[in-house]
Amino acid sequence: MKKFLSIAVASAMVAAALTGCGSNPSSDSTAPTEGTEGNASDSGTAEGGASAEGGVFKIGGIGPVTGAAAVYGQAVKNAAQLAVDEINAAGGINGAQIEFNFQDDEHDAEKAVNAYNTLKDWDMQVLLGTVTSTPCTAVVEKTHEDNLFHLTPSGSAVESIQYDNAFRVCFSDPNQGTASAQYIGENKLATKVAVIYNSSDVYSSGIYQTFATEAPNQGLEIVSAEAFTADSNTDFSVQLQKAKDAGAELVFLPIYYTEASIILGQADKMGFDPLFFGCDGLDGILAVEDFDISLAEGVMLLTPFAADAEDELTQSFVKAYQDSFGDVPNQFAADAYDGIYAIKAAIEKAGVTPDMSASDICDALKVSMTEITIDGLTGSGMTWGADGEPNKEPKAVKITDGAYAAM
């Protein structure tokens with residue numbers, strides 16, 4: 001059986017900025033807890049006395065619900081809708097309901113821009129999206145031009161939030177690449193490392209670059225670094241043979257789960273049995289059709305979410321998600337769920353009302369996002385900097401008997 005290790009985020013790279021936390025934003029125990037400082041009161045009146053009774057906030061979403069990354073997009077769509085339904089049932093945001101409209105981008109930049117234009121025609125006021133990095137980087141150019149508030153749950157490329165209107169719930173690629181090298185070195189998993197990455201994808205190439213920079217500091221020798229592209233992602237025999245011939249003890253895979261499942265199968269057939277180590281893009285590998293999940297036994301992820309964690313918030317969310325969708329939520333679902341509640345908290349903090357223009361809402365939320373604190377599924381005491389990056393502490397999980405288990 002292959003050993004397979006994965007790390008999603010860098011706890012050592014992220015200093016959590018913790019502040020006092022107050023009451024739950026809704027009566028549902030599933031909802032994240034928002035910090036009390038600067039938040040709206042329970043009376044339905046936003047800070048500064050502006051009433052938002054009535055009206056509708058239009059929140060759009062973009063991500064892949066078909067195609068190779070559909071596991072991510074469907075999870076984000078489901079969890080975001082779950083959060084929206086909870087908020088609406090509890091009275092909305094200061095009395096205003098939320099309409100949520102999610103568009104499929106098939107993990108394609110051009111289709112993501114088309115989806116954004118569709119949402120603009122729908123009069124979207126805030127965007128939760130996109131789910132994957134390359135489409136997100138294309139769409140953030142448009143949201144910046146339109147001055148529309150943009151919160152991506154899981155677009156981890158640096159460029160995905162390069163403007164002041166954009167924030168993210170997940171951690172960035174540089175954190176993942178650096179922390180992966182640190183984890184391998186500090187835990188003495190290997191000294192000779194091979195890398196297989198997607199040079200046509202900003203997520204994959206970005207993680208690889210920071211991994212390669214940090215590797216020598218951790219006593220790691222990269223004995224083979226082989227790329228593939230979106231046009232050559234089904235046969236990895238050459239890359240695997242080079243890694244094997246170079247004596248790689250560990251193969252680092254900063255790629256998505258579909259290609260990773262193929263690599264594991266092909267390595268097994270050629271009798272190549274190193275450790276495999278990946279990032280958050282591999283979350284979803286257990287759901288790949290016809291994949292032998294025994295190949296993923298022992299997967300370890302430093303991740304912001306563990307579905308079997310014993311805290312009340314996680315247990316309530318997992319139960320609600322399973323009841324609604326018949327599946328166990330992954331970290332992308334958790335990111336999206338926290339994202340909707342972060343938008344709610346930022347709107348309440350800013351005293352935003354539904355009758356405001358998208359641009360005016362954006363100007364307000366740029367400030368209020370840096371002033372809120374949330375205890376969510378993906379971290380306690382979550383805060384955001386003006387650069388759009390989150391501050392939170394990740395959790396650890398391991399794949400055991402074909403399921404994710406908290407460590």
Side-chain angles (χ1 to χ4, degrees), residues 2-15 132-133 154-158 160 168 170-199 201-228 239 243 246 248-257 259-261 263-264 267 274-285 296 298-306 330-332 335 378-379 389-390 392-399 404 407:
K2 289 188 182 299
K3 297 177 182 177
F4 183 93
L5 304 176
S6 174
I7 182 171
V9 292
S11 56
M13 297 289 292
V14 183
T132 50
S133 291
S154 47
S156 55
V158 172
S160 293
R168 67 171 131 236
C170 68
F171 291 99
S172 68
D173 294 343
N175 283 346
Q176 296 192 56
T178 300
S180 294
Q182 291 174 342
Y183 191 89
I184 293 167
E186 291 171 2
N187 289 278
K188 303 186 186 305
L189 301 178
T191 56
K192 293 184 176 182
V193 178
V195 184
I196 301 175
Y197 69 100
N198 183 350
S199 60
D201 182 71
V202 294
Y203 164 82
S204 183
S205 57
I207 295 176
Y208 164 63
Q209 289 166 6
T210 54
F211 179 87
T213 299
E214 180 62 22
N217 300 331
Q218 301 299 323
L220 305 179
E221 179 187 1
I222 298 179
V223 295
S224 173
E226 296 295 319
F228 65 92
Q239 293 94 331
E249 303 158 328
L250 180 149
V251 177
F252 179 51
L253 302 175
I255 59 178
Y256 290 121
Y257 60 88
E259 290 88 356
S261 68
I263 287 172
L264 291 178
L275 295 172
F276 286 91
F277 190 110
C279 295
D280 63 352
L282 274 69
D283 189 1
I285 195 168
V299 168
M300 187 165 28
L301 301 88
L302 293 184
T303 173
F305 177 71
N330 58 23
Q331 68 184 56
F332 291 83
D335 284 335
T378 65
E389 297 289 356
K392 59 184 176 180
E393 185 175 354
K395 305 170 185 177
V397 299
K398 183 178 182 179
I399 293 181
Y404 293 102
M407 295 178 61

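- Of the possible polar contacts, one joining the D283 side chain to the Q331 backbone as a donor-acceptor pair under 3.5 Å is found.
- Within the 4.5 Å cutoff, side-chain heavy atoms of I285 are placed close to those of L264.
- To the nearest 0.5 angstrom, Q182 atom CD is 8.5 Å from N217 atom CG.
- For the side-chain contact (heavy atoms from CB on, under 4.5 Å) with S133, the lone residue among V158, V202, I207, D201 that qualifies is V202.
- Below 30°, between 30° and 60°, or above 60°: for F252 and F277 the angle between ring planes is between 30° and 60°, a tilted geometry.
- Looking at heavy atoms from C-beta onward, Q176 lies out of side-chain contact with P254 at the 4.5 angstrom threshold.
- In this structure, CD1 on I196 lies 5.5 Å from CD on Q239, to the nearest 0.5 angstrom.
- At least one side-chain heavy atom of Y183 sits less than 4.5 Å from a side-chain heavy atom of L189.
- When all heavy atoms of Q218 and A181 are compared, the closest pair comes out as CG-O, 3.4 Å.
- Looking at every heavy atom in both residues, L253 comes nearest to A260 through CD1-CB, 4.4 Å.
- Proximity of I255 to I263: side-chain heavy atoms (C-beta onward) are separated by under 4.5 Å at one or more points.
- In this structure, D280 and F305 have side chains that are not in contact, with every pair of non-hydrogen atoms separated by 4.5 Å or more.
- Here the closest heavy-atom approach between residue A246 and residue K192 is recorded as O-CD, 4.3 Å.
- Expressed to the nearest 0.5 Å, how far NZ of K392 lies from OG1 of T378 amounts to 3.0 Å.
- For the atom pair L250 CG and I222 CD1, the distance stands at 11.0 Å (nearest 0.5 Å).
- The two atoms that bring L220 and A190 nearest to each other are CD2-O, 3.2 Å, heavy atoms only.
- No hydrogens or angles considered: a donor-acceptor pair under 3.5 Å links the side chains of T191 and E249.
- For the side chain to side chain donor-acceptor pair (under 3.5 Å) with S156, the lone residue among N175, T132, D173 that qualifies is D173.
- When each of Y256, F228, Y208, F211 is paired with Y197, the ring-ring contact (aromatic ring centres under 6.0 Å, His included) condition holds for Y208 and for no other.
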